[in-house]
Amino acid sequence: MLNYNSVIKNEINQESVSVKEISQVMKINLRGKRREFLTNIGKNLNMILPTEANTSTTSDKLTAMWLSPDEWMIVSNQIVSRDTNKYELHEILFNSISKTNLGAVTDVTDQFVQLELKGKNIYKIFSAGSPFNFNEFKEKKGSTTQTVLNHIDVTLHHKDENIVNLFVRRSFAEHLCSWIEDCASRL
């Protein structure tokens, strides 16, 4: 059995903001440009990768987030078993993409922590620590962006009204959570 250490010891619950860690969720980074890459990914995921900047596509089981013209993050919408770190989808994609030189498939599950932020003041917190203009982002469900929050690189995914998934590198997650809790307490 694997030992996953949670970054947030207790869920953060302020009056207008709550933060919880979503673990264990499979995360896969995809890189590729060729038409064969996109066709192969579409067949294996049973979904089309988003090609418009700062967008995502979602199916029942997966969310694909656009990161750059040739890069995406695939995130499972379901929590997986804590007793394994092998994912069937990663193996399928690795064998059909990486081994055939169509692109790169990398399991980044343990590299990124996924936080779910809820509440009417989450965009005030984001605006306090990020230079990004969230006006359009908060109006479009499925929007994604890579930005800096309190000097830390993050990826944000607008999941639903006043619900955002935040992806941060594990080594910065505890510091970022402390900052978010402090910022939320001041609203």
Answer yes if the ring centres of His158 and Phe137 are under 6.0 angstrom apart, and no otherwise. yes
Measuring from Asn150:CG to Ile180:CD1, what's the distance to the nearest 0.5 Å? 8.5 Å
Salt bridge or not for Lys138 and Glu161, using N-O below 4.0 Å? no
More than 12 foreign heavy atoms under 6.0 Å from CD of Glu174: is that the case here? no
Does this structure show an ion pair linking Glu11 with Lys20, if we count only N-O contacts that are shorter than 4.0 Å? no
Neighbour count >12 (heavy atoms, 6.0 Å) for atom CG, Asp160: yes
Within the 3.5 Å criterion, strictly below it, is a donor on Asn121 or Ser16 matched to an acceptor on the partner's side chain? yes
How long is the gap from CH2 on Trp179 to NE2 on His151, to the nearest 0.5 Å? 9.5 Å
Sub-3.5 Å donor-acceptor pair from the side chain of Lys99 to the main-chain atoms of Phe94, do we have one? no
Of all the heavy-atom pairs spanning Arg31 and Ser68, show the shortest one and how long it is. NH2-OG, 4.4 Å
Is it true that atom CD of Gln78 has more than 12 heavy atoms of other residues, nucleotides or ligands lying nearer than 6.0 Å? yes
State, to 0.1 Å, how close Arg170 and Thr109 come at their nearest heavy-atom pair, and which atoms those are. NH2-O, 4.5 Å
So for atom CD, which belongs to Glu36, do other residues, nucleotides or ligands contribute more than 12 heavy atoms lying within a distance under 6.0 Å? yes
Return the minimal non-hydrogen interatomic distance between Leu102 and Arg34, and the atom names on each side. CD2-NH2, 3.2 Å
For the side chain of Trp72 and the backbone of Pro50, is there at least one donor-acceptor N/O pair under 3.5 Å apart? yes
Asn46 and Ser59: side chain donor to acceptor below 3.5 Å: no
Using distance alone, with no hydrogens and no angle criterion, decide if Ser130 and Thr147 have a side-chain donor and acceptor under 3.5 Å apart. yes
Quick check against the 3.5 Å criterion: does Thr55 have a side-chain atom that pairs as donor or acceptor with the backbone of Glu52? yes
All side-chain contact (heavy atoms from CB on, under 4.5 Å) counterparts of Glu139, not counting sequence neighbours: none
Between Phe134 and Phe126, does the ring centroid distance fall short of 6.0 Å? yes
Hphob cluster co-occupancy, Ile163 + Val154, side-chain heavy atoms under 4.5 angstrom: no
For the residue pair Ser56 and Gly142, what are the closest heavy atoms and their distance? OG-O, 2.7 Å
Show, in sequence, the C-alpha distance, side-chain angles and deciding distance for Ser96 and Asn40, and conclude whether the side-chain hydrogen bond (donor to acceptor under 3.5 Å, both in side chains) test is met. CA-CA 7 Å; Ser96 65; Asn40 197 314; 3.2 Å; yes
Might you point out which heavy atoms bring Ala173 and Val168 nearest each other, and give the distance in Å? CB-CG1, 3.7 Å
Which heavy-atom pair separates Lys159 from Glu116 by the least distance, and what is that distance? NZ-OE2, 3.4 Å
Does a donor on one side chain sit under 3.5 Å from an acceptor on the other, for Asp153 and Gln146? no
Whether the Asn77 and Thr63 side chains hold a donor-acceptor pair (N or O, under 3.5 Å, no angle test) is what I'd like checked. yes
For Ile92, is the CD1 atom crowded, meaning more than 12 foreign heavy atoms sit under 6.0 Å from it? yes
